[in-house]
There are 2 protein chains.
Amino acid sequence: MAIQLVTQSVGDALVTSLRERILADEITAGTAVTEASVATEYKVARQTAKAGIERLVGEGLLERTAHRSARVPLLDETRVQDLYFARGVIEVRAYELLASKRLLTPEALTAHEAFQACSTGSNVADIVQADVAFHRALIDGLESDRLSRAHSVIINEIRLCLAQVQNAHLLAPAEIAEEHQTIITAIRDGNVPRAGEVGLEHLRHAERNLLEYLRR
Amino acid sequence: MAIQLVTQSVGDALVTSLRERILADEITAGTAVTEASVATEYKVARQTAKAGIERLVGEGLLERTAHRSARVPLLDETRVQDLYFARGVIEVRAYELLASKRLLTPEALTAHEAFQACSTGSNVADIVQADVAFHRALIDGLESDRLSRAHSVIINEIRLCLAQVQNAHLLAPAEIAEEHQTIITAIRDGNVPRAGEVGLEHLRHAERNLLEYLRR
DNA sequence: TCCCGAAAATTGTTCGTCAAGTTATCTCAC
DNA sequence: GTGAGATAACTTGACGAACAATTTTCGGGA
């Protein structure tokens, strides 16, 4: 068996870079992301740029209608609600299943500790990153490619919202860490209903904060 | 306000057509779907064909690795298990939520009746179609675009499996209709845990049948 | 000011080309 | 005959240019 090399096509690299920049709020909402601009910026063919944009549209990180430029979608109330509702459907059931199996992967625990570690710091992007990583690690524990993928799409769009809000109205990191701990405890105890409840409560807090920010 | 016309780009039409043909098992698993063949068959440019194929790869209806032709994925055990697991996570929680709201849309009831109507017939494709439509209608009742979308991707891949199996090993349509009825009843009664349980049971039956077929 | 039409910008789609990687074929040594 | 290696054929990756269709912008009249 030959050693496997990890290669990446130009198109893949382009999508990865664009995705990062969007999630980092470097490409701000509302500004046009034209095929030509991406093409010249990255020195790639327009077709390549087009393909990349289309993939991101598929992920919900860009929006476009026919013959008009793609844009990073603007955060609005219905979007946030839809996003957290869909996320809740997946995560609540996932946490219940994890609890029923008392399944806590080392990755999830590591992610939790990593969050606690950087929660004392002030870098908001890091905190968001660590928060997302924790939830992702929990879902990944169920070892379902399809579920992880569905969850990932939704959570990426949520990261988009968080990026736009920035440090403005996040919960206190300490509070988030505490809620994460209750989720872990519920799973470890095999307390199925509680795992679902605290998971849902955790999401509700995040959603409420975002909505309050939007309504001000 | 002008009257809105529904138009469709060539690319969209191509994807729609290919998706239908794949789900109808007209493009059988394993056979190569090359960019050139699609291009000549539909008389479109290779670029257009490529874009269409890539979109279907994103939906899980085609598989491809770098520099090799796309193929309709072959049904195998782990795939079926992953698919039904992910579907279960979404549907179980969705049915519980529907029950907690006693939410039964006219569309869902209509879909149920439509299934019963064609369950006496022998056309397998119609039955699969009606079955999928019923579950879709239930999920759509929650009115979450993101959830419907995530569910749709998974269920399309399941349709792929069902298409490959054909009439071979489906449950008896009458049995399916009966299980659908129990789901509806549980939702109507607002019996939350039961809605989740019978939903899960329904999926388990379908999964078990598919797996038995695969293992023979 | 408001509306209309021309110009500019942008996407949709096609063609042709070359490079790079994969698969199939064929030959030659053994 | 058979296996290994070279060769050819096929396929995708990426680019550049071009034209049509559509949207947006903008300037000039009424």
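Letters A, B, ... are given to chains in the order of the sequence lines, protein chains preceding strands, and every chain is numbered from 1.
One finds a side-chain N or O of B:K50 lying less than 4.0 angstrom from the OP1 or OP2 phosphate oxygen of D:dG13. Proximity of B:S69 to the phosphate of D:dC10: no side-chain N or O atom is located under 4.0 Å from OP1 or OP2. Between A:R68 and the phosphate of C:dT11, there is no side-chain N or O to OP1/OP2 separation shorter than 4.0 Å.
Between the side chain of A:E54 and the base of C:dT11, no donor-acceptor pair under 3.5 Å is found. Judged by atom type and distance alone, A:R46 reaches the base of C:dT13 through a side-chain donor-acceptor pair under 3.5 Å.
Ring planes of B:H202 and B:H135: parallel class, angle under 30° (limits at 30 and 60°).
In this structure, B:R64 places its CZ atom 14 Å from P of C:dT22, rounding to the nearest Å. Rounding to whole angstrom units, CD of residue A:E35 and P of C:dT10 are separated by 10 Å. Separating the CD1 atom of B:I53 from the P atom of D:dA14 is a distance of 15 Å, rounded to the nearest angstrom. Between the P atom of C:dA9 and the CZ atom of A:R71 lies a distance of 16 Å, rounded to the nearest Å. Rounded to whole Å, atom P of C:dT11 lies 12 Å from atom CG of A:L62. Distance CD (A:E63) to P (C:dT10): 19 Å, rounded to an integer number of Å.
Among the nucleotides D:dA18, D:dT23, C:dA20, the one closest to any side-chain atom of A:H67 is D:dT23. Listed candidates were D:dG13, C:dT13, C:dT11. Nearest to the side chain of B:T48 is C:dT13. With D:dC15, D:dT11, D:dA14 as the choices, the nucleotide that has an atom nearest any side-chain atom of B:T34 turns out to be D:dT11.
Side chains of B:H151 and B:D140: a donor-acceptor N/O pair is absent below 3.5 angstrom, by distance only.
Here the shortest heavy-atom pairing between B:F115 and B:D131 reads CD1-N, 3.5 Å. Listed here is the closest heavy atom pair of B:Q116 and B:A177: CG-CB, 4.2 Å.
Heavy-atom nearest nucleotides on DNA chain D were determined for A:S9 and for A:Q47, and the one closer to the 5' end corresponds to A:S9. Nearest-nucleotide assignment on DNA chain D puts the 5′-proximal partner with B:A70, out of A:A49 and B:A70.
Taking a cutoff of 4.0 Å between a charged side-chain nitrogen and a carboxylate oxygen, B:R55 and A:E54 do not qualify as a salt bridge.
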